[in-house]
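Please read the structure below before turning to the comments.
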Amino acid sequence: MLTVAIENSYNHKFSWKDTFWAMFFMQKYFSEKWINLIRVSVNRFNKKTWYFEEYGKMDDNKEHVVFKKKIKPDIIWVRKSSYAWYKYEVLKNFKMVPWLKIATIWNDKMENFKFLSKYQPMTCLLSSFFNSTYMQNQLDKKLVLKPIRANWWKWIKLLSKKELFENKDKYEGLEELFIVQSFKDFSKWFWDISKWWHDIRLMFAWNKIIETTLREPKKWDFRSNIWSWWTQRFIDNNKIPKELLRLAKKIYKDLEISDDNIFSMDFAYCKKEEKWYLLEINSSPWTRFYQTDKEILKKIFKWFTNFFINLDKQC
């Protein structure tokens with residue numbers, strides 16, 4: 001039986017039901033395909049024995065249980081990108097997905113911009129904004145302030161340059177931990193589906209788009225982060241605009257990675273500029289379990305299981 005380990009931080013019990021219901025559903029589907037899906041943490045990895053000292057699984061009551069048993073998985077799927085370089089170095093003898101470059105870009109929004117700047121809104125470190133007139137002039141009048149690594153939506157602010165300077169003291173000593181981006185209006189496309197701000201997520205496996213999700217923030221908000229109470233709807237891949245498909249293909253080529261990767265790209269369209277923007281790259285589909293048709297989830301999991309089975313066959 002093939003063992004696939006999701007590398008992520010975990011507790012004995014999770015507080016968000018949507019998370020562990022989804023984990024249980026995926027674990028059950030994987031087991032039907034003879035894949036043992038577990039959770040591990042690099043913090044519990046023994047570099048001398050090459051075994052993880054414990055692992056986690058969902059039980060029949062949909063609760064996360066930690067087993068104090070040694071285990072050596074066949075494949076490691078990195079779902080938390082913190083300290084990526086260390087993680088990939090320590091676990092280098094394992095088959096790991098996605099590639100380190102994807103994990104690095106995903107972990108750091110400034111790295112994301114450096115690698116893929118021609119596809120993204122103008123971005124700079126908060127320290128550069130405060131100290132460089134040149135950078136201030138490169139940015140639009142409206143700005144989005146984001147933490148460079150965290151995904152916590154409450155830290156993402158929409159404000160003007162004047163407002164940011166007025167709050168400068170609030171970020172003293174934290175200037176290297178935030179980025180500033182030009183704000184773009186992503187509310188006026190896909191009017192037949194959405195009447196509010198929205199973006200589109202393309203999920204990839206083997207360089208194929210396996211599913212497409214339209215994500216909408218709650219009304220009067222612009223943030224569609226996983227924790228910000230956004231809603232999702234899956235759309236047929238044939239509804240993806242052709243210019244977006246061409247752009248996604250070009251970005252994939254520019255990343256210079258092999259096809260043995262699982263990750264997603266988030267895009268949005270600025271109608272005023274008639275331009276598509278890449279928002280970010282993630283190593284996870286991040287679908288809302290309670291909002292998702294379970295048949296769609298099965299289709300995604302089918303792609304995932306086939307991906308890992310074929311990856312295991314590679315030398």
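None of the values given here were measured: they were computed from a predicted structure. The first residue in the sequence is number 1, and the count goes up from there.
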message = ring-ring contact (aromatic ring centres under 6.0 Å, His included), that's the test. Do F263 and W99 meet it? Break it down for me.
response = CA-CA 10 Å; F263 68 103; W99 270 30; over 10 Å; no
Ignoring hydrogens and angles, write down the donor-acceptor pairs under 3.5 Å from the side chains of residues 116-127, residues two or more places apart or on other chains.
from: Y119; atom 1: OH; to: K250; atom 2: NZ; distance (Å): 3.1
from: Y119; atom 1: OH; to: D254; atom 2: OD2; distance (Å): 2.4
from: Q120; atom 1: OE1; to: F113; atom 2: N; distance (Å): 3.3
from: Q120; atom 1: NE2; to: N112; atom 2: OD1; distance (Å): 3.4
from: Q120; atom 1: NE2; to: L278; atom 2: O; distance (Å): 3.3
from: Q120; atom 1: NE2; to: L279; atom 2: O; distance (Å): 2.8
from: T123; atom 1: OG1; to: P121; atom 2: O; distance (Å): 2.8
from: T123; atom 1: OG1; to: Q181; atom 2: NE2; distance (Å): 3.1
from: S127; atom 1: OG; to: E176; atom 2: OE2; distance (Å): 2.5

Atom pairs and distances, donor-acceptor, side-chain atoms in residues 159-166, under 3.5 Å, two or more places apart:
from: S160; atom 1: OG; to: E163; atom 2: N; distance (Å): 3.1
from: S160; atom 1: OG; to: E163; atom 2: OE1; distance (Å): 3.4
from: K161; atom 1: NZ; to: Q136; atom 2: O; distance (Å): 2.6
from: K161; atom 1: NZ; to: L139; atom 2: O; distance (Å): 3.1
from: K162; atom 1: NZ; to: E166; atom 2: OE2; distance (Å): 2.7
from: E163; atom 1: OE1; to: S160; atom 2: N; distance (Å): 2.8

Show me the donor-acceptor pairs within less than 3.5 Å that the side chains of residues 24-34 make with the rest of the protein, sequence neighbours left out.
from: Q27; atom 1: OE1; to: M58; atom 2: N; distance (Å): 2.9
from: Q27; atom 1: NE2; to: M58; atom 2: O; distance (Å): 2.9
from: S31; atom 1: OG; to: K28; atom 2: O; distance (Å): 2.6

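Residues satisfying the ring pair (Phe, Tyr, Trp, His ring centres under 6.0 Å) criterion with F67, sequence neighbours excluded, are Y55. Shown here are the salt bridge (charged side-chain N to carboxylate O under 4.0 Å, His left out) partners of K146, two or more places apart in sequence or in another chain: there are none. Under the salt bridge (charged side-chain N to carboxylate O under 4.0 Å, His left out) criterion, E273 pairs with K184, not counting sequence neighbours. By the side chain to side chain donor-acceptor pair (under 3.5 Å) test, K48 is found to be paired with no residue, residues two or more places apart in sequence or in another chain being considered. Not counting sequence neighbours, K62 has no partner by the salt bridge (charged side-chain N to carboxylate O under 4.0 Å, His left out) test. With sequence neighbours excluded, the residues forming a side chain to side chain donor-acceptor pair (under 3.5 Å) with Y83 are N43, listed by chain and number. Here N237 pairs with T212 under the side chain to side chain donor-acceptor pair (under 3.5 Å) rule; sequence neighbours left out. The side chain to side chain donor-acceptor pair (under 3.5 Å) search around K92 returns E89, not counting sequence neighbours. With sequence neighbours excluded, the residues forming a side-chain contact (heavy atoms from CB on, under 4.5 Å) with N93 are W50, listed by chain and number.
No side-chain heavy atom of R201 sits under 4.5 Å from any side-chain heavy atom of M265. In this structure, K72 and F52 have side chains that are not in contact, with every pair of non-hydrogen atoms separated by 4.5 Å or more.
Taking a 6.0 Å sphere around OH of Y252, one finds it holds more than 12 heavy atoms contributed by other residues, nucleotides or ligands.
Counting only N and O atoms by type, the side chains of D259 and W206 include no donor and acceptor under 3.5 Å apart. A side-chain donor from one of E280 and N282 sits under 3.5 Å from a side-chain acceptor of the other.
Distance CD1/I300 to CD1/I262: 11.0 Å, rounded to 0.5 Å.
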